[in-house]
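These notes are about the structure you will find just below.
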Amino acid sequence: NVYGRVIHEFDPWFNYRATEYLVRNGKDAFFNWYDDQAWYPLGRPVGTTIYPGLQFTAAYMYYFVQALGWDTSLNDVCVFVPAVFGVLSTLATFGLTYEVTDNLSAAGYAAFFMCIAPAHLMRSVAGGFDNEAIAVFAMVATFYFWVKSIKTPNSWPWGIMAGIMYVYMVGAWGGFTFVLNMIGVSAGVLVLMGRCDSGLHRAYSLWYVIGTLGAIQFPVVGYQPLKSLEQLGPMGVFFWLQLLEICEMHRRKNPSMSDKKFAEFRVMVFGGALVLFLVAVMGVLPKGYFGPLSSRVRGLFIPHTRTGNPLVDSVAEHQSTRDSMYYQYFHMMCYLFPVGFSSLFHKQTAPKIFLTAYAAIALYFSRKMIRLVLMLAPPACMVGGIAVDIILTWATGQAFSWDAEEPEVKEEEEEVVKPVAKGKGKDDGKSKKPVARPTKKRASRSGMMQFALFRELKESYDENELLRKGAAYLMLMLLVSSSYNFYNHSQFMAQRISNPSIMILGRTREGQPIMIDDFREAYWWLRDNTPEDARVLSWWDYGYQINGIANRTTIADGNTWNHEHIALLGKSLVSPTGAAHQIVRHLADYVLVWSTRYGGHGGDDIAKSPHMARISGSVYKEINPEEFYMDQTGKPSDMMAKSLIYNAVTFRLDPKSIGFEEGTFEEAYTSKNRMVRIYKVLNVDEGSKAHGKEGHGYTAWLAGRPLESAYPPALQEILRGKKDFAQLEDFNRD
């Protein structure tokens with residue numbers, strides 16, 4: 001109730017705006033929506049560049065509550081979607097843990113962790129209306145049905161539900177490639193471990209066929225499952241399983257076939273398939289059929305500073321995860337994880353093998369990118385729940401003597417005396433000494449127990465009941481204490497995570513709480529004091545909020561689909577004010593900057609400006625990022641001191657600011673706490689503005705032509721000086 005029902009952050013504002021468009025105009029208009037209020041003057045084909053699962057989920061939830069007669073706004077529905085799906089994700093985690101362990105207690109502990117773990121809360125708090133809010137549920141539910149389908153040879157029909165949930169996952173989030181490859185890896189591991197049967201073949205085939213057919217229906221995905229390198233592995237597993245099934249079918253039809261003949265037949269089948277595969281690859285490879293790995297995917301396997309894409313590297317969520325963050329997001333699960341993970345190797349089943357691979361792979365990727373810590377949340381909670389069950393079962397059994405005392409195992413070797421039959425061998429008739437043979441009990445004894453040290457420790461453990469009870473009570477105390485601390489830590493983190501960045505709860509000098517609402521007030525000022533066709537230039541971070549709250553046209557936003565366009569935006573901001581005006585007057589009517597350093601907060605546009613220089617310098621070689629910096633004393637370099645972004649933030653607030661040349665920019669608005677500043681662009685080129693209203697971006701996109709024609713003619717000379725960056729994720733390229 002402190003902040004009210006408000007959408008958080010940046011991306012959620014685009015998601016809300018898109019949902020609003022869907023509700024008002026219907027699905028046909030939604031998929032054909034070309035948004036001319038974003039990425040001016042290019043525009044953006046929203047319907048074909050969006051994962052629409054979140055929007056459709058919220059829209060149908062809104063329709064449902066309206067049908068019930070509840071007076072609920074679309075805003076309120078979107079605010080509560082993450083919280084609702086947080087509950088569903090917790091239930092799905094409970095179900096998946098139970099399918100792996102057949103243990104209700106372990107499943108319950110896993111659900112407890114999932115419902116309060118900060119790693120999950122960061123994407124399931126009310127107001128965080130983002131794709132991951134529903135994607136976690138879709139991911140865990142897909143894995144739940146997949147595990148059910150491979151649990152027994154006869155449970156393969158569950159593969160149908162796994163395929164359906166996977167389609168929902170594809171519509172929800174671009175992270176569906178993780179789910180795709182995770183199931184492919186688990187199936188491949190089962191085959192390599194000799195656990196392949198007709199049930200696995202049928203379950204995987206159902207999941208892959210249904211899932212792939214559903215995935216290609218989404219315009220943003222298209223035929224990438226059949227072309228993209230990061231999605232071809234599971235296809236290979238699919239054909240691998242088909243070949244194995246063909247071989248098994250042949251053997252079933254020929255039960256008298258010897259092992260040698262069967263091996264020769266398999267070599268022939270796989271050899272022929274390999275030849276066909278190589279011929280097919282050689283046929284399509286020269287035509288550029290296979291797409292390259294995206295810079296984001298490459299960044300999962302190499303340090304992010306080496307992706308070569310300064311735009312990707314500029315996003316904080318794309319940086320590698322620090323060790324301290326694991327304790328921050330998982331707390332006591334950091335200590336429980338090794339215990340639960342090790343237990344998965346005991347009495348392995350297909351579900352346990354899946355969870356083993358899931359936890360290990362999710363842990364690896366979480367190390368590479370902060371954003372992917374979310375993917376580790378479900379397996380970490382599951383493994384943590386299993387560990388708690390193991391510890392509690394042992395500790396309570398020892399402390400309260402619930403378990404019957406185990407029969408003592410004699411350390412002396414048992415001997416089985418077998419008489420030697422007469423009349424056999426050269427010693428017929430001769431007496432023989434008894435032959436000592438180890439029993440099964442001795443043979444099955446762990447090899448580790450053969451060492452005297454471990455044998456003595458086990459004897460001491462078995463004989464010392466007081467030691468066992470003391471250790472059990474200590475373990476229970478530690479577990480209770482850690483759980484209490486974990487709950488308090490999660491409560492503290494939940495409050496921090498729930499604070500929307502668009503509003504800040506501060507305190508006056510007298511200690512009284514005060515709401516700092518500069519960001520929304522600035523957007524409201526734009527909405528109420530500028531023409532409806534006003535264009536606002538800002539760094540791409542704020543584009544979604546300007547579109548969603550101020551309802552004004554923006555130059556770029558968080559979609560970051562066009563590297564060159566953002567480079568042009570960056571060039572205008574890091575150039576000297578006069579040169580910047582020669583670009584901005586053809587693109588915008590207002591310039592908005594964040595100046596939060598003057599409101600007592602960091603992360604403003606000066607702090608972000610080195611990224612602007614690096615991105616613009618990757619396309620416009622006259623921009624040298626190394627000359628754009630602020631030293632440790634806070635003194636800007638000459639290039640920074642002359643730039644538009646530096647002077648827009650510091651004008652009138654810092655004596656070092658040189659201000660603006662006459663006839664370029666004029667201060668129009670500074671928020672109450674000096675956290676946002678807006679400038680009116682003087683001498684706007686009306687011819688360029690008229691050109692932007694003619695829809696050249698939409699026409700070029702519809703015809704499949706480059707979008708450069710959407711820029712006004714007055715900017716063509718500047719654009720000729722750019723060198724296109726090798727952007728690997730551009731929706732305008734095949």
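Predicted model only: the values in this text are computed from it and were never measured.
Here the side chain of Arg44 pairs a donor or acceptor atom with the backbone of Thr49 at under 3.5 angstrom. Within the 3.5 Å criterion, the main-chain N or O of Leu682 finds no donor-acceptor partner in the side chain of Arg585. Side chain of Asn15 to backbone of Phe129: a donor-acceptor contact under 3.5 angstrom is found. Judged by distance alone, with hydrogens and angles left aside, the side-chain atoms of Asp130 form no donor-acceptor pair with the main-chain N or O of Arg123 at under 3.5 Å. Side chain of Gln716 to main chain of Ser709: no donor-acceptor pair is present (N/O by atom type, distance under 3.5 Å, no hydrogens or angles). With hydrogens and angles ignored, the 3.5 Å screen pairs a side-chain donor or acceptor of His691 with a backbone N or O of Tyr711. One N or O on the side chain of Ser637 and one on the backbone of Glu627 form a donor-acceptor pair closer than 3.5 Å. The backbone N or O of Ser657 lies less than 3.5 Å from no partner atom in the side chain of Thr650, so there is not a single donor-acceptor pair. In this structure, the side chain of His696 does not engage the main chain of Pro712 through any donor-acceptor pair within 3.5 Å. With hydrogens and angles ignored, the 3.5 Å screen pairs no side-chain donor or acceptor of Ser538 with any backbone N or O of Leu592.
Proximity of Trp13 to Ile546: side-chain heavy atoms (C-beta onward) are nowhere separated by under 4.5 Å. Counting only heavy atoms from C-beta outward, the side chains of Thr48 and Trp701 approach each other to under 4.5 Å. For the pair Pro225/Gln231, a side-chain contact is recorded, criterion being any heavy-atom separation below 4.5 Å from C-beta on. Proximity of Leu719 to Tyr620: side-chain heavy atoms (C-beta onward) are separated by under 4.5 Å at one or more points. By the 4.5 Å heavy-atom criterion applied to side chains, Glu132 and Arg371 are counted as neighbours. Between Met639 and Ile623, the closest side-chain pair of non-hydrogen atoms falls below 4.5 Å. By the 4.5 Å heavy-atom criterion applied to side chains, Asn647 and Phe660 are counted as neighbours. Residues Phe651 and Glu667 are in side-chain contact: their nearest non-hydrogen atoms beyond the backbone lie under 4.5 Å apart.
By the 6.0 Å contact criterion, NZ on Lys621 is enclosed, its count of non-hydrogen atoms from other residues, nucleotides or ligands being greater than 12. Around atom CD of Glu622, more than 12 heavy atoms belonging to other residues, nucleotides or ligands sit under 6.0 Å away. For Arg5, the CZ atom sits in a loose shell: 12 or fewer heavy atoms of surrounding residues, nucleotides or ligands are nearer than 6.0 Å. The 12-atom threshold is not exceeded at NZ of Lys642, counting heavy atoms of other residues, nucleotides or ligands nearer than 6.0 Å.
Here the closest heavy-atom approach between residue Gly663 and residue Asn683 is recorded as O-ND2, 2.8 Å. Contact between Ser498 and Val125 at its shortest, heavy atoms only, is OG-CG1, 3.8 Å. Scanning both residues, Val220 and Ile50, for their nearest heavy atoms gives CG1-O, 3.4 Å. What you find for Ala522 and Ile678 is that their closest heavy atoms are O-CD1, 3.8 Å. Across every non-hydrogen atom of Leu644 and Ser572, the tightest pair is CD2-O, 3.6 Å. In this structure, Asp724 and Glu564 approach most closely via the heavy-atom pair OD1-CG, 3.5 Å.
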> Going through the checks in order, is the side-chain contact (heavy atoms from CB on, under 4.5 Å) test met by Tyr646 and Ser609?
Replying inline: CA-CA 8 Å; Tyr646 179 81; Ser609 62; over 6 Å; no
>> Run Asn551 and Gln37 through side-chain contact (heavy atoms from CB on, under 4.5 Å) and show every step you take.
In response: CA-CA 8 Å; Asn551 194 27; Gln37 277 195 280; 3.5 Å; yes
> Going through the distances and angles, do Tyr544 and Glu9 end up as a side-chain contact (heavy atoms from CB on, under 4.5 Å)?
Replying inline: CA-CA 9 Å; Tyr544 285 150; Glu9 309 301 333; over 6 Å; no
>> Walk me through whether Tyr51 and Val221 qualify under side-chain contact (heavy atoms from CB on, under 4.5 Å).
In response: CA-CA 8 Å; Tyr51 292 96; Val221 176; 3.9 Å; yes
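Applying ring-ring contact (aromatic ring centres under 6.0 Å, His included) to Tyr698 and the options Tyr34, Trp39, Trp33 leaves one that passes, Tyr34. Checked against Tyr542 for a side-chain hydrogen bond (donor to acceptor under 3.5 Å, both in side chains), the options Asp605, Asp557, Thr554 give a single hit: Asp605.
Applying the side chain to side chain contact (heavy atoms under 4.5 Å, CB included) rule to Asp589 yields the partners Ala534, Arg535, Val684, Lys689; only residues at least two apart in sequence or on another chain are considered.
Taking OG of Ser618 as the start and NE2 of His563 as the end, the distance is 3.0 Å to the nearest 0.5 Å. Rounded to the nearest 0.5 angstrom, Lys680 NZ and Thr664 OG1 are separated by 13.0 Å. In this structure, Asp518 CG and Tyr598 OH are separated by 15.0 Å, a value rounded to the nearest 0.5 Å. Residue Leu22 holds its CG atom at 13.5 Å from CZ of Arg17, rounded to the nearest 0.5 Å. A distance of 4.0 Å separates OG1 of Thr57 from CD1 of Ile134, quoted to the nearest 0.5 Å. Note that CZ of Arg322 is 11.5 Å distant from CZ of Arg367, once rounded to the nearest 0.5 Å.
Residues Thr633 and Asp631 have side chains that bring a donor and an acceptor to within less than 3.5 angstrom of each other. For the residue pair Arg677 and Thr670, a side-chain donor N or O sits within less than 3.5 Å of a side-chain acceptor on the partner. Neither side chain, Asn529 nor Tyr590, offers a donor N or O lying under 3.5 Å from an acceptor on the other. Judged by distance alone, the side chains of Asn499 and Tyr3 do bring a donor and an acceptor atom under 3.5 Å apart. In this model, no donor atom of one side chain and acceptor atom of the other lie less than 3.5 Å apart for His601 and Thr596. In the model, Ser595 has no side-chain atom that pairs as donor or acceptor with a side-chain atom of Asp604 under 3.5 Å.
For His8 and Tyr16, the ring centers sit 6.0 Å or farther from each other. A centroid separation of less than 6.0 Å is found between the aromatic rings of Phe56 and Phe30.
Pairs passing the ring-ring contact (aromatic ring centres under 6.0 Å, His included) check and including a residue from residues 518-537, sequence neighbours excluded, read Phe519-Trp594, Trp525-Tyr669.
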